[in-house]
Amino acid sequence: MNEPYKSFSAPSPIVGSISARAAANASPHRYLQGLNPEQLEAVEALDGPVLVLAGAGTGKTRVLTTRIAHIIATKRARNQEILSVTFTNKASREMKHRIALYIGEMAEGMQWLGTFHSISTKLLRRHAELVGLKSDFTILDTDDQIRLMKQVIRAENIDEKRWPARQLAFLIDGWKNRGLSPDKVPAAEATGYAGGRGGALYRLYQNRLKTLNACDFGDLLMECIRLFQEHPDVLKSYQDRFKYILVDEYQDTNVAQYLWLRLLAQGRRNVCCVGDDDQSIYGWRGADVDNILRFEHDFPGAKVVKLERNYRSTGHILASAAHIIKNNEGRLGKTLFTDGNMGEQVSVSGCWDSEEEARLVADEIEVLQHKKHQLNEIAILVRASFQMREFEERFVTTGIPYRVIGGPRFYERLEIRDALAYFRCVCQPADDLAFERIVNTPKRGLGDATLSVIHTYARANGIPMIQAVRFIVETEELKPKPRTTLKDLIGCFDRWAAQLGKISHTELCETILEESGYIAMWKADRSADAAGRLENLKELIRSMQDFENLQGFLEHISLVMETASGETEDRVTIMTLHGAKGLEFETVFLPGWEEGLFPHPRALDEQGRAGLEEERRLAYVGLTRAKRKANLFFASNRRIHGMWNATIPSRFIDELPEANVLVNEGAGSNFGGYNQRGGNSRFDTVQPFGNSSYNTPGWQRGQQNSSQVNSSPKPAKHSVMIEGEVLANSSTGTSRFDMGARIFHTKFGYGLVAVIDGNKLTVDFEKAGRKMVLESFLQNA
DNA sequence: GGGGGTAAGTTTTTT
DNA sequence: ACTTACCCCC
């Protein structure tokens, strides 16, 4: 029964060979074979808007890839005229791989296959100047974002403790997800932060980004939208170019992505979106299921195809998943069915605590192992990552091989970010954030004091910090020690920059890490993870070889950087439910189905009913990952934040259909009373933990903060900047000060101007003697 | 400027 | 309970 799906997931090995393509030419629509009627309908409806509502395991990716093959085979568009958008890099790689099975290396010509962000980046780099950027703009990650916002908050004299940068980041992110630029943010929403200054801070933050020639992730989409809106000719050219548009995981798109898509699709209107409202689990980060409804509204007459025939799971599993998801309101309403057999019932086991839970799972896996069950086909899907540890511990003691998916990603690691910051300083000398990051790493004795001098001068003159340093080290603003250190550092940057293009970029980067003392720093570090960090740095250098040059590497690194793991060993997978979307396993273990964990109280607190429904979809996703067997667990006691909590089974367990479930009562030792399921279960009335309050402490306190303080020093005079180089810093221009004028310097006190050399003045100070200082540090006395 | 102590905040995750 | 971030003292 599973043949169509099976034959697809195990494609013929000759695909891609010359003979295969010749054969394909002989019968051009061969790839359509094995599609069911609905899939075929979705593939063949090439003209006009199409919305494919594809339930879990109904072959949605197959429809997308076949559709692309069909478009190319029928010569309606060439591969570079097809825009194919996914949500994650993983999904886009997967799609490219699958397309290659149909059209061979032609898939390499699919230059517009990628994530929303990667395609936006490509577009923005082409037209950067139209939105006030340069084409080599930097893409900031979350960490950089927060640091930048902290600077903005500080510069506005806002109490950082009361108004954490994280919160501002959350706000701004939300606005960007909805495609709201600073001037479009509804007034009411901008008042909730720092006494009504949220909107202003957003604007300041955006200004800072532009100065830094940088974009955050949200900007990639927003600036692209702005590009399209403000330059209809540009938009038109892409509307013309993209004859067909395809979107995967459509239920995960946010409003900005929707706007982006709508602008491009409204040209030829050949747009096909594939999604499943029941698998929308990213609402908390801005995804908006209503985009599915908007689609039918904005593209009237759209053909809607439902895929409901499931090729993945057994009847019992499907029935259980369907029964749970039926409790959600506001579904578009699909009912999955299968021609396959019912298989085994979904098992539900109660146990005493999380430790026993891990033991039961491990025991069961050992049994499966003896039955020659592939470990690669077993997954443990948890709600929250803290649950993973207990399983790991158990698997280590029992010797079950496992892999953990998730956790900190490669490019988020400290050492990788530091290394990248060095490379950025060399390639993009205007990158202040990168400079600040590594200026004192390894420790060079350049602390807050030094940094703030640089910062002040850079800000006052509107120049990058590295540039500011060049001026400052020529004077006596700084003590000799930091001055020499900075001079040396700048010398290093210059030396490395001079080698760009002269020696291979991998070699150069090795040199940089070596000469900067960064490698030495970790070698000297005798903590446990130092060796691993050095290993990661080597891995970083290795991964650079795939790129033409350092510039190209840096342009892509922030968007796509995966831990190269060519893992093929047979291991059990431990991952979160979120991480499991789109995957399938023969056997799935779903531990921790308890109130207080799943549904997660935070989701209920913050999103109320919508939150509960999203958690329920998560349950649905979890169950439908299983092909043959799903095993649910709940514990009576679980340690959360270090404290033991008595827990009761999740309400989702009560929502399972009795007929498809086997309750494993003998499993747990002394679990009390999970017998009375169905009917008036005592669990029905139990409220989840913690009705934690929406705490926005401080409308009033915020008001106090809003007293206008003009903090940032007035620019003495703006340097003329072109391409990041200071062209005229007035060595010929006139100074604000006259010879002999009495001035004040915050560090050296009062003095008389003795020599004026552009922006560098020599002053005879009353206390400190003759010093060379920068004009912008001086005031009239 | 650096190191050690304390306090706070701990769902999910991509780009 | 545990980590990380910040503050204060040396």
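Below, chains carry the letters A, B, ... as their sequence lines are ordered, and counting in each starts from 1. Because the structure is a prediction, the values reported are computed rather than measured.
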- Query: Which residue, A:Leu451 or A:Arg166, contacts DNA chain B at a nucleotide closer to its 5' end, judged by nearest heavy atom?
  - Reply: A:Leu451

- Report yes if at least one side-chain N or O of A:Thr576 is closer than 4.0 Å to OP1 or OP2 of B:dT11; otherwise report no. no

- A:Leu618 atom CG is separated from B:dT11 atom C1', nearest whole Å, by 10 Å

- Determine the Euclidean distance between corresponding P atoms of C:dC2 and B:dT13; express it in Å to zero decimal places. 22 Å

- Message: Is there a side-chain contact between A:Leu590 and A:Val382 in this structure, where contact means two heavy atoms from C-beta onward sitting under 4.5 Å apart?
- Response: no

- Task: Measure from CG on A:Leu414 to C1' on C:dA5 and round the result to the nearest Å.
- Result: 14 Å

- Between A:Asp143 and A:Arg417, what is the shortest heavy-atom contact and its length? OD2-NH2, 2.9 Å

- Between B:dT12 and C:dT3 - P atom distance, rounded Å: 16 Å

- Could you tell me the separation between the CG atom of A:Asp252 and the P atom of B:dT15, rounded to a whole number of Å? 12 Å

- Task: Measure from NE2 on A:His578 to P on B:dT13 and round the result to the nearest Å.
- Result: 7 Å

- Message: With a 4.0 Å limit, can you tell me whether A:Arg285 has a side-chain N or O closer than that to the phosphate oxygens OP1/OP2 of B:dT15?
- Response: no

- Phosphate-side-chain proximity, A:Asn254 and B:dT15, N/O vs OP1/OP2 below 4.0 Å: no

- Query: Going by atom types only, do A:Gln206 and A:Lys176 share a side-chain donor-acceptor pair under 3.5 Å?
  - Reply: yes

- Query: So what does A:Phe116 touch, heavy atoms closer than 4.0 Å: a base, only the sugar-phosphate, or nothing?
  - Reply: nothing

- Taking atom P of C:dC2 as reference, at what distance in whole Å does atom CD1 of A:Ile640 sit? 16 Å

- Task: Would you kindly give the CG-to-P distance between A:Asn440 and B:dG3, to the nearest whole Å?
- Result: 10 Å

- When A:Ala384 and A:Lys443 are each assigned the nearest nucleotide of DNA chain B, the 5'-most assignment goes to A:Lys443

- Do we count A:His600 as stacking onto B:dT11 if the rule is ring centres under 5.5 Å and planes under 30°? yes

- Message: Just checking A:His578 against A:Tyr282, ring centres under 6.0 Å apart?
- Response: yes

- Establish, yes or no, whether the cationic atom of A:Arg125 lies under 6.0 Å from the six-membered ring centre of A:Phe137 and within 45° of the ring axis. yes

- Query: NA contact type, A:Lys479, heavy-atom cut-off 4.0 Å: base, sugar-phosphate, or nothing?
  - Reply: nothing

- Please work out if A:Arg383 contacts a base, only the sugar-phosphate, or nothing of the nucleic acid, heavy-atom cut-off 4.0 Å. base

- From NE2 of A:His641 across to P of B:dA7 the rounded distance in Å is 20 Å

- Write down the distance between CE (A:Met388) and C1' (B:dT12), rounded to a whole number of angstrom. 10 Å

- Does OP1 or OP2 of C:dC6 have a side-chain N or O of A:Lys150 closer than 4.0 Å? yes

- What does A:Thr121 touch in the nucleic acid at a heavy-atom separation under 4.0 angstrom: a base, only the sugar-phosphate, or nothing? nothing

- Task: Quick one: pull up CG in A:Asn177 and CZ in A:Arg285 and give me the separation to the nearest 0.5 Å.
- Result: 9.0 Å

- Message: Just N and O in the side chain of A:Ser385: are any of them under 4.0 Å from OP1 or OP2 of B:dT12?
- Response: yes

